[in-house]
Amino acid sequence: MNFSLAIHGGAGTLRPEDFPEALAREARAHLHAALSAGAEVLKQDGSSLLAVEAAVKVLEDSPHFNAGHGAVFTHEATIELDASIMDGATLAAGAIAGVQHVKNPITLAREVMLRSQHVFLVGAGAEAFAKTCGVEMVEASYFHTERRLRELRAVQALEASGAKRFGTLEASDLKLPDKKFGTVGAVACDRAGHLAAATSTGGLTNKRWGRVGDCPIIGAGTYADDATCAVSATGHGEYFIRACVASDIAARMRYAGVGLEAAAHAVVNGTLVQLGGKGGIIAVDAKGNITLPFNTNGMYRGALREGEAAFVSIYRDD
Ligand code: ASP
């Protein structure tokens with residue numbers, strides 16, 4: 001069968017009027033590069049698992065997205081990265097949270113899945129495991145970008161001014177070009193009909209006390225099961241955890257016989273909206289259908305089906 005691949009680079013208040021065109025152009029180019037990296041694997045009859053990792057790595061290496069190199073800062077101006085990956089053929093999964101020196105957290109999540117007897121490793125332990133696998137480690141300074149520092153200072157100024165909501169970036173709160181939730185992710189269906197999902201993030205700007213969002217939580221930010229779908233989420237993680245977003249979409253398909261698009265729409269524009277959770281998801285089923293719903297103004301996203309042209313967009317009406 002033909003393969004399918006979808007990616008995201010975060011959802012949020014993304015409107016053309018407050019987004020410099022040069023930044024948008026570069027972000028689109030990096031989304032295209034991520035699609036190409038994943039498609040290259042799938043074209044060689046590689047697995048969906050390797051394809052989602054390849055696509056996410058490109059986004060982790062880009063300064064435009066909140067993951068890997070472009071990750072946002074914690075309250076203490078440090079970096080704490082979370083990631084997870086799941087193989088729909090076997091339901092094997094790997095996840096990590098709170099790592100500070102791993103260049104590509106998604107690769108470490110894959111190593112956890114394949115080489116440890118565990119699913120979820122955190123902090124110093126996850127980094128110790130990373131060293132045993134030969135995963136590339138970097139100095140903390142690799143993640144320090146001026147843009148993210150400006151965002152942290154802006155959020156902290158808002159916090160100091162007594163604003164109630166300071167953990168999430170919104171256009172109304174911040175006068176910054178890049179006001180969005182941020183996370184990157186990929187889902188794929190390979191030529192054998194196997195599904196996989198991968199998600200990676202720096203979390204929320206100004207997060208503290210070891211906060212972990214939905215991204216590394218299997219069933220919340222990431223899920224894959226050949227019998228239903230593969231899902232990767234982005235948005236306000238606290239809500240996505242409580243709504244079990246990714247596994248709820250799969251469960252609606254499995255138990256209620258709902259199709260991919262209807263199941264995803266019900267969770268993103270139904271359950272999440274009722275709870276007050278902003279964000280979106282990308283998902284693919286074993287027939288290669290793709291859906292990319294979000295309940296924010298925009299979501300960095302892209303998709304590709306074998307034999308068809310790739311598309312990439314940012315805003316709602318792109
Ligand atoms: N979901 C991520 C988190 O809550 C952030 C995001 O997608 O913007 O950590």
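As the structure lists them, so they are numbered: ligands from 1, and atoms in each ligand from 1.
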Supply the members, apart from Phe73, of the Ile/Leu/Val/Met/Phe/Trp/Tyr cluster built from side-chain contacts under 4.5 Å; use none for a lone residue. Ile79, Leu81, Ile96, Val99, Val102, Leu108, Val112, Leu121, Phe129, Val135, Met137, Val138, Tyr142, Phe143, Leu149, Leu152
So, is [X] polar-close to ligand 1, with some N/O to N/O distance under 3.5 Å?
{"X": "His236", "result": "no"}
{"X": "Gly182", "result": "yes"}
{"X": "Cys215", "result": "no"}
{"X": "Glu238", "result": "no"}
{"X": "Gly235", "result": "yes"}
{"X": "Thr234", "result": "yes"}
{"X": "Arg211", "result": "yes"}

Tightest non-hydrogen contact, residues Ala264 and Ile281, listed as CB-CD1, 3.8 Å
In terms of atom number and element, which parts of ligand 1 are under 4.0 angstrom from non-hydrogen atoms of Asp214? 1 (N), 2 (C), 3 (C), 4 (O)
Pull out every atom of ligand 1 sitting under 4.0 Å from any heavy atom of Thr183, numbered as shown with elements. 1 (N), 2 (C), 5 (C), 6 (C), 7 (O), 8 (O)
May I ask you to decide if Thr234's main-chain N or O and Thr183's side chain share a donor-acceptor pair within less than 3.5 Å? no
Judged by atom type as modelled, is there a donor-acceptor pair below 3.5 Å linking the side chain of Asp285 to the main-chain atoms of Lys287? yes
Let's go through Leu195 and Val284 carefully: what are the C-alpha distance in whole Å and the side-chain angles of both, what is the deciding distance for side chain to side chain contact (heavy atoms under 4.5 Å, CB included) to 0.1 Å, and is it a yes or a no? CA-CA 8 Å; Leu195 306 182; Val284 63; 4.3 Å; yes
Check the pair His265, Asn269 against side chain to side chain donor-acceptor pair (under 3.5 Å), reporting the backbone distance first and the verdict last. CA-CA 5 Å; His265 172 75; Asn269 296 307; 2.9 Å; yes
CG of Leu42 to CG of Leu304: how many Å apart, nearest 0.5 Å? 8.0 Å
